[in-house]
**Student:** 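Quick one: this structure, given as structure tokens, is what I'll be asking you about.
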Amino acid sequence: MDVLHNLNQQQQQAVTAPEGQILVLAGPGSGKTRVLTRRIAYLVQYMGVSPFHIMAVTFTNKAAREMKSRVETMIGESIHGMWLGTFHANCARILRREAAHLPISNNYIIFDADDQVGIIKNIIKEEKLNDKQYRPYDVQAAISNAKNNLITAEEMIVETQRDRIVQRIYRKYQATLESNNAVDFDDLLFWAVRLFEEYPAVREAYSRQFRHVLVDEFQDTNLVQYTLLKHLSSFHNNLFVVGDEDQSIYRWRGADYRNVLRFTDDYPKATKILLEENYRSTQLILDAATSVIDENLHRTHKQLQAARNLQGPKIILHTAYDDRDEGIFVVDTIHRLLDRGKAAGSDFAVMYRTNAQSRLIEEAFLKAGIDYRLVGAQRFYGRREIKDLIAYLRLVHNPDDAVSFNRIINVPKRGIGEVSLQSILLAAQKAQVSPGRLLLSLGLEKEKSALADSLPSRILPKLIYFGEQFLYWSEAKEELSVAELLETIIESIEYENYLEEDSVNRDTSIDRLANVHELRRLTYEYKDSGLDTFLENMALVSDQDTLPENTEAPTLLTLHAAKGLEFPIVFIVGMDQDLLPHSRSISEPEELAEERRLFYVGITRAKDQLYLTRAERRSFFGTTSTTLPSEFLADIPSELIEIAGKAGITRHHQRNTDYAQFRDNARTTQAPSWLDFARPETRRQPEVDPIYHIGMRVHHAMWGEGVVINSFVDDGEEAVDIEFKETGLKKVLASIVKLEILGEGENHV
DNA sequence: ATAAAGTGACTTTTT
DNA sequence: GTCACTTTAT
């Protein structure tokens, strides 16, 4: 396939851009991924660049995988040798190769967020600090933040007592990682940058290799990532970045959309290309999205233009009595559209700000007997049984991993509690070995081990027994595949028995066994690679990559998880102040701006129809309170919105009078009072007065002009029969089919 | 050493 | 309301 096939002019310009720094600012749905993959194909096929000389960086494994398969399809050959992966995976690879320059050996393991917090918790305990005042999670965030800004413990700015303490914990934390032969997520990037800065020859070697560096989702890079890219491209200076400031939603993880501005500052000769043609949504949806995001400052305005030449139906806004009714409205609406064959299950997505909101939506789905797909909620790798078994494998791979040791020393129960554990750790410390190596020594030399004396006699036999098992696994790990090793471990510790006994009820037991089975299945995929590759992938692969792909059902997901996806019909629920924007973000302008971007991301996922819903009453942590409409609703011009689900006042009345007020208030900063008119006065009142009358002339986007033959309310729904000029008689539901009223009998509007 | 009862926190979570 | 973590009782 020709790499320029079906590309618009801006896309072509990007794909064929000359060498140098290229910044592609790509609006939602503008073919960003397409440009990136075509650019790679162009380089390989037309410019004769070997895949070996290309590095392409993404944030997720999913994105990397997709890019890889798309490029391969396009150029019809393997791109073997290309460094195509996530920031973290590419850096992990570099660190593994350059371990000689680093305080870790090349079988280092990667600690995840839980491991990090666990270590910090221990340090806080050791330091006898108050864990209310120094919450492990917060300290971890502070350390992570420092690393994301390329700051070591020594380089921290210390002004307060708290800073001093955090610095001390940071230092100790880093020492712990080293003694465990481990790095955390942030270190992967941080150390790669340090490596390049301290060893110019290493930097030169890599930057010579990568004649072209390409980056996806550039707006989500943080300082480490930005710096890394500079180093990687420092020899050939070919840096091609694609992003959209307006879709930067990971500020709280250090992402800084201003890197887009920094890029043009640092590279004044950079070529800037704007992609504004949108291949996804209707113009109406784009107009709404634009009016929302235009409220933000410090950005490049983009005039999103729909390629589909379709204005599209208005956004439907529904205010429910409470959050339960909100869920019911969503599911009812989906149900009706499914029943009428207007859409398939997979056409729908329901998006929310917080995971907690999914529960009531799920309940409504369950009640209606409609299948759904939940993205993200509990993570597979976060499950206890998975973490346990991974900890066993990690310990076998790297006996110095004390975090994993602590995790599994009494799982399954070996009668080694807190006190015994402390005495083991103390004995190991005295002998200057890691607890894992102490165990190996016990397994090898039994009671004769020099370490045996310093351990309580009560637990010694148990430790020796466990040590023998551990020694056996360690010796067998070279010959056995990952799957075989895992199987051996599961059997010798009787893990499945333990799960059954330990589970509170039958269901959790079945769940957990199923998870273990799933892990087994996963290990079979690593037939040809070693334990190291498996563990690295376990650490670096996210849950969303392993989601079962049930493509038939509506998808429930957070707004964050929605980035990069698209659906014909999108519901954004919880359009209430304090939820979206979230209460924690309201006081800080930059955070409020990010909430707005989050809303923008949600809106622009919709191809054809967008529903916004909110609830007048919502339960927060058990207690119900009333809510105010999201301030973002006021940013959408009223003429793009249609209010649905109102009861008590006729729709007709509302259209003629309330709409003006709606418009007048739409631009005020206060909660728009027009929403009062959309407010249901009584709970789930089914009766609705018909909007359409016999003889009324209407227009539909697809069917053209027609005349209303009949209209009646059935089960709280207005059903309308319309005779269309072109297509004949259609029976439709007023709330679903978008009709424009051209005239009532003789009167024109 | 472990199970039961009490306490308090609670956004998002690409790696 | 729910979950994880801590205290307390066995």
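Here the structure is a predicted model, which means the values were calculated and not measured. To find a chain, count down the sequence lines: A is the first, B the second, and so on, and within it residues start at 1.
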**Student:** What is the distance from OH of Tyr250(A) to C1' of dT11(B), rounded to the nearest Å?
**Tutor:**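 Those two atoms, OH and C1', are 12 Å apart.
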**Student:** Around Lys387(A), counting heavy atoms of other residues, nucleotides and ligands shown, do more than 12 lie under 6.0 Å from its NZ?
**Tutor:**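 Yes, NZ of Lys387(A) has more than 12 neighbouring heavy atoms, counting only those of other groups under 6.0 Å.
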**Student:** Name the nucleic acid region contacted by Arg135(A), choosing base, sugar-phosphate or nothing; use a 4.0 angstrom heavy-atom cut-off, strictly under.
**Tutor:**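 Sugar-phosphate: the residue Arg135(A), judged by heavy atoms under 4.0 Å, touches backbone atoms but no base.
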**Student:** Assuming nearest nucleotide by heavy-atom distance, tell me which of Arg458(A) and Glu595(A) is located more 5' along DNA chain B.
**Tutor:**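 Upstream on the strand: Arg458(A).
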**Student:** Remember a base hit wins even if backbone is also touched, and classify Ser420(A) as base, sugar-phosphate or nothing at under 4.0 Å, heavy atoms.
**Tutor:** sugar-phosphate
**Student:** Please name the nucleotide paired to dA9(B) by Watson-Crick or G-U wobble geometry with both distances under 3.5 Å, or report none.
**Tutor:** dT2(C)
**Student:** From the set dA1(B), dT11(B), dT14(B), return the single nucleotide nearest to any side-chain atom of Asp220(A).
**Tutor:** dT14(B)
**Student:** Between Lys563(A) (NZ) and dT13(B) (P), how many Å, whole number?
**Tutor:**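 Atom-to-atom, Lys563(A) to dT13(B), this comes out as 12 Å.
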**Student:** Think Arg414(A) has a side-chain N or O under 4.0 angstrom from the OP1 or OP2 of dA1(B)?
**Tutor:** no
**Student:** Taking the minimum atom-to-atom distance to the side chain of Asn410(A), which one of dT14(B), dT11(B), dT2(B) wins?
**Tutor:**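 The nucleotide sitting nearest to the side chain is dT2(B).
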**Student:** In this structure, how many angstroms lie between the C1' atom of dT11(B) and the NE2 atom of His560(A), rounded?
**Tutor:** 8 Å
**Student:** Return the 5'-most residue of the pair Ile416(A), Leu559(A) with respect to DNA chain B, ranking by each residue's nearest nucleotide.
**Tutor:** Ile416(A)
**Student:** Counting side-chain heavy atoms from CB outward, which of dT11(B), dT12(B), dT14(B) is closest to Thr558(A)?
**Tutor:** dT12(B)
**Student:** Would you say whether Phe621(A) stacks on dC10(B)? The test is a distance between ring centres of less than 5.5 Å and an angle between planes of less than 30°.
**Tutor:**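 Yes, Phe621(A) stacks on the base of dC10(B), since the ring centres sit under 5.5 Å apart and the planes are within 30°.
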**Student:** Whole Å only: how far is the CD atom of Glu590(A) from the P atom of dT12(B)?
**Tutor:**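 My rounded result for the distance is 21 Å.
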**Student:** Could you tell me the separation between the CD1 atom of Ile249(A) and the P atom of dT12(B), rounded to a whole number of Å?
**Tutor:**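 So the CD1-P distance, Ile249(A) to dT12(B), works out to 13 Å.
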**Student:** Both distances under 3.5 Å, Watson-Crick or G-U wobble: report the partner of dA1(B), or none.
**Tutor:** dT10(C)
**Student:** Given dC5(C), is OP1 or OP2 found less than 4.0 Å from the side-chain N or O atoms of Lys121(A)?
**Tutor:** yes
**Student:** Counting only N and O atoms by type, is there a donor-acceptor contact under 3.5 Å from the side chain of Asn145(A) to the main-chain atoms of Ala141(A)?
**Tutor:**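 Not a single qualifying donor-acceptor pair exists.
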**Student:** Mind checking Asp186(A) for me? I need base, sugar-phosphate or nothing, with any heavy atom below 4.0 Å counting as a touch.
**Tutor:**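 It contacts nothing in the nucleic acid.
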**Student:** Any donor-acceptor pair, under 3.5 Å, between the side chain of Arg353(A) and the base of dT12(B), if you only look at N and O atoms?
**Tutor:** yes
**Student:** What is the distance, rounded to the nearest whole Å, between atom CZ of Arg384(A) and atom C1' of dC5(C)?
**Tutor:**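 Rounding to the nearest Å, CZ of Arg384(A) and C1' of dC5(C) are 14 Å apart.
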**Student:** Tell me yes or no: between the side chains of Gln247(A) and Glu245(A), is some donor less than 3.5 Å from an acceptor?
**Tutor:**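 Short answer, no.
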**Student:** Given atom CD1 of Ile586(A) and atom P of dT12(B), what is their separation to the nearest angstrom?
**Tutor:** 16 Å
**Student:** With the side chain of Lys413(A) defined as its heavy atoms from C-beta on, choose the nearest nucleotide among dT14(B), dT2(B), dT12(B).
**Tutor:**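 The listed nucleotide nearest to Lys413(A)'s side chain is dT2(B).
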**Student:** Under the side-chain contact (heavy atoms from CB on, under 4.5 Å) test against Arg617(A), which residue among Asp323(A), Asp325(A), Thr626(A), Asp576(A) passes?
**Tutor:** Thr626(A)
**Student:** Between Gln174(A) and Glu178(A), does any side-chain donor sit less than 3.5 Å from a side-chain acceptor?
**Tutor:**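 Checked: Gln174(A)/Glu178(A) side chains show no N/O donor-acceptor pair below 3.5 Å.
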**Student:** Are any of the side-chain heavy atoms of Met351(A) and Phe599(A) separated by less than 4.5 Å?
**Tutor:** no
**Student:** Whole angstrom is fine here: how far is it from CG in Asp576(A) over to P in dT11(B)?
**Tutor:**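 That distance rounds to 16 Å.
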